[in-house]
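The figures here come from the full heavy-atom set of this structure, side chains too, leaving out hydrogens, waters and symmetry mates.
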Amino acid sequence: MQELQTALHQENEDRQRFYSTVDENRKMEFINGKIVFQSPVKKSHNTATGRLYRLVSIFADVHDLGFTGIEKIMVSLTRNDYEPDICFWSAKRAKDFTDDQMKFPAPDFVAEVLSKSTEKTDRETKMQDYAKHGVSEYWIVAPKTKSVEQYKLVRGEYDLIFKAPTGIIKSFTIKGFEIPIEAIFEEKANLKALRQVLGE
């Protein structure tokens with residue numbers, strides 16, 4: 001018990017050190033007691049993240065559904081701090097967020113875009129932690145295969161309910177949000193989906 005308390009005390013000190021060093025110019029996460037610096041991403045990762053964020057955030061804004069964050073938003077959970085690629089909180093949960101806020105609670109929706117260096121963490125550590133903290137919907141976006149996996153939280157664990165490189169994916173957390181998979185990976189499809197979101 002003494003060893004456990006000592007370890008937790010050290011982890012808390014390391015976490016406070018993380019908070020004092022993290023800044024807006026570097027992507028840093030605190031995972032399992034360690035500060036993790038993320039490498040620069042490939043263009044395919046960047047564009048997939050940007051296209052999905054554009055669709056989610058504009059849809060949420062048009063319908064006044066809540067707040068959408070991208071990449072540098074820090075999600076602070078019980079022991080870990082993550083910077084998900086895309087995350088969303090309902091309007092009810094986001095109403096008390098402030099302009100100067102830097103740490104946020106577990107979102108309702110998270111999408112992580114895979115890269116070689118983060119895939120294991122996205123599929124294991126983060127997936128388990130998001131489930132434990134009640135993130136009701138989790139998407140894993142794979143630029144390499146141009147596909148998406150959609151998971152739904154059921155009794156504390158994620159069930160895979162959709163996995164495909166084509167077709168329509170429908171969010172059950174962001175009400176009414178549905179897009180073709182291609183809109184995440186192809187610019188023309190993204191712009192077409194964006195026009196539909198805007199009702200044009």
Q) Where do Y82 and Y130 land on the ring-ring contact (aromatic ring centres under 6.0 Å, His included) test, with the steps shown first? A) CA-CA 10 Å; Y82 304 119; Y130 290 152; 5.6 Å; yes

Q) Is there a side-chain contact (heavy atoms from CB on, under 4.5 Å) between K163 and V148 once you walk through the steps? A) CA-CA 6 Å; K163 180 180 179 179; V148 179; over 6 Å; no

Q.
Using side-chain contact (heavy atoms from CB on, under 4.5 Å), reason through T47 and F185 one step at a time and then give a plain yes or no.
A. CA-CA 7 Å; T47 53; F185 305 106; over 6 Å; no

Q: Any chance you could lay out the side-chain contact (heavy atoms from CB on, under 4.5 Å) test for V110 and I86, step after step, and finish with the verdict?
A: CA-CA 6 Å; V110 168; I86 299 165; over 6 Å; no

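At least one side-chain heavy atom of F109 sits less than 4.5 Å from a side-chain heavy atom of W139. The side-chain heavy atoms of E137 and Y151, taken from C-beta on, include no pair separated by under 4.5 Å. Between T68 and C87, the closest side-chain pair of non-hydrogen atoms is not below 4.5 Å. Using a 4.5 Å heavy-atom cutoff, the side chains of S115 and H45 are in contact. Residues L52 and I179 form a side-chain contact, since some pair of their non-hydrogen atoms from C-beta on lies under 4.5 Å apart. Side-chain contact between Q150 and I169: present, with at least one pair of heavy atoms (C-beta onward) separated by less than 4.5 Å. At a threshold of 4.5 Å between non-hydrogen side-chain atoms, the residues I58 and L194 count as touching. With contacts defined as side-chain heavy-atom distances shorter than 4.5 Å, the pair I70/D85 does not qualify.
Remark: E149 engages R123 in a salt bridge, criterion side-chain N to carboxylate O under 4.0 Å.
The two atoms that bring V75 and P105 nearest to each other are CG1-O, 3.9 Å, heavy atoms only. Among all heavy-atom pairs drawn from A183 and A193, the shortest one is CB-CB, 3.9 Å. Closest of all the heavy-atom pairs between L153 and G156 is CD1-C, 3.6 Å. The two residues G69 and I73 come nearest to each other via the heavy atoms CA-CG1, 3.7 Å. Residues I181 and F162 come closest through the heavy atom pair CD1-CE2, 3.8 Å. The shortest non-hydrogen separation linking L65 to K175 is CD1-O, 3.8 Å.
When the side chains of ILVMFWY residues are joined at heavy-atom separations under 4.5 Å, either directly or via intervening members, Y138 and V154 end up in two distinct hydrophobic clusters. Linking ILVMFWY residues whenever their side-chain heavy atoms come closer than 4.5 Å, directly or via other members, leaves I168 and L160 in distinct clusters. Connection of V62 to I174 is established within a shared hydrophobic cluster, with ILVMFWY side chains joined at heavy-atom distances below 4.5 Å, either directly or through further cluster members.
Distance alone, capped at 3.5 Å, places no donor-acceptor pair between the E29 side chain and the I31 backbone. Between the side chain of H133 and the backbone N or O of T78, at least one donor-acceptor pair lies under 3.5 Å.
Partner K126 forms a salt bridge (Lys or Arg N to Asp or Glu O under 4.0 Å) with one of E112, E119, E83 and no other, that one being E112.
Evaluation of the side chain to side chain donor-acceptor pair (under 3.5 Å) test over residues 90-100, restricted to residues two or more places apart or in two chains, returns R93-D108. Identified under the salt bridge (charged side-chain N to carboxylate O under 4.0 Å, His left out) test for residues 51-71, with sequence neighbours left out: R51-E187, R54-E187.
Between F104 and W89, the angle of the ring planes lies from 30° to 60°, which puts this pair in the tilted group.
T118 and T121 share no side-chain donor-acceptor pair at under 3.5 Å.
A distance of 8.0 Å separates CG in L114 from OG in S147, rounded to the nearest 0.5 Å. To the nearest 0.5 angstrom, F59 atom CZ is 8.0 Å from E178 atom CD. Note that CZ of F88 and OH of Y53 are 12.0 Å apart. Values are rounded to the nearest 0.5 Å. To the nearest 0.5 angstrom, Q128 atom CD is 10.0 Å from K132 atom NZ. Here OG1 of T125 is found 8.0 Å from CG of N80. Values are rounded to the nearest 0.5 Å. A distance of 11.5 Å separates OG of S76 from CE of M102, quoted to the nearest 0.5 Å.
For the pair K152 and F172, the cation-pi criterion (under 6.0 Å, within 45° of the ring axis) is fulfilled.
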